[in-house]
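What follows is a short report on a single structure.
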Amino acid sequence: MIKKPKEKTELEVSYRQFLPPSSFKYMMMFGKLFINKKNKEKFEENEKKGLNEKAKNHEMIHVKQAVNKKNSWLLFYLSYFWMWLKNIPLFNGFEFPYKFIAFEMEAFYFENDM
């Protein structure tokens, strides 16, 4: 059962073969932090050194954004996808729209604010 955003207080880490795509280090979906299995060893090394806090904070900001979207993952992801689409990925490439999604801009801005 998927918990509502408000019920997530920390991110569960999940290592997957294809998530996230190779161009991303991390990806948060429904309050779970997905890390590609190719990056597992590096992530665990960094975890021991305390070097993952910024990335985990960035992804946790997305959880808080979902809370602000009426505590709904569906509304959060629909809004996220709409912002991504508005940046016309077919003309600008697929990484360009990501950088201009308001949710990402906010998360990057505050990721150092623990």
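Note that the structure is predicted; figures quoted are calculated from it, not measured.
For the side-chain hydrogen bond (donor to acceptor under 3.5 Å, both in side chains) test, no residue two or more places apart in sequence or in another chain qualifies with E7. Contacts of S72 classified as side-chain hydrogen bond (donor to acceptor under 3.5 Å, both in side chains), with partners at least two apart in sequence or in another chain: none. In this structure F108 satisfies the ring pair (Phe, Tyr, Trp, His ring centres under 6.0 Å) test together with H58, sequence neighbours excluded.
The other residues sharing a hydrophobic cluster with F110 are I61, Y109, where clustering joins ILVMFWY side chains under 4.5 Å apart.
When hydrophobic clusters are built by joining Ile, Leu, Val, Met, Phe, Trp and Tyr residues whose side-chain heavy atoms come closer than 4.5 Å, directly or via intermediates, L11 is grouped together with I2.
Rounding to the nearest 0.5 angstrom, the gap separating the CD atom in E53 from the CE atom in M114 is 6.5 Å. Here the CG-CG distance, from N57 to D113, works out to 7.0 Å after rounding to the nearest 0.5 Å.
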Distance-only check: which donor-acceptor pairs under 3.5 Å involve side-chain atoms of residues 43-51, not counting sequence neighbours?
residue: E44; atom: OE2; partner: Y15; partner atom: OH; Å: 3.3
residue: E47; atom: OE1; partner: N52; partner atom: ND2; Å: 2.9
residue: E47; atom: OE1; partner: K56; partner atom: NZ; Å: 3.4
residue: E47; atom: OE2; partner: K56; partner atom: NZ; Å: 2.8

Please tabulate, one pair per line, all N/O donor-acceptor pairs under 3.5 Å involving side-chain atoms of residues 73-83, not counting sequence neighbours.
residue: W73; atom: NE1; partner: K3; partner atom: O; Å: 2.7
residue: Y77; atom: OH; partner: M28; partner atom: O; Å: 3.3
residue: Y77; atom: OH; partner: F30; partner atom: N; Å: 3.0
residue: S79; atom: OG; partner: K69; partner atom: NZ; Å: 3.4
residue: S79; atom: OG; partner: L75; partner atom: O; Å: 2.9
residue: Y80; atom: OH; partner: E104; partner atom: OE2; Å: 2.7

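Summarising the geometry of I35 relative to K40, their closest heavy-atom pair is CG2-N, 4.5 Å, with the distance given to 0.1 Å. Counting all heavy atoms, side chain and backbone alike, M60 lies closest to K8 at CE-O, 3.3 Å. Residues R16 and F34 share a closest heavy-atom pair of CG-CD2, 3.5 Å. When every heavy atom of M27 is checked against every heavy atom of P21, the shortest pair comes out as CE-CD, 3.6 Å. Considering every non-hydrogen atom in both A107 and H62, the closest pair reads CB-CE1, 3.6 Å.
Other residues, nucleotides and ligands contribute more than 12 heavy atoms inside 6.0 Å of the CD atom of Q17.
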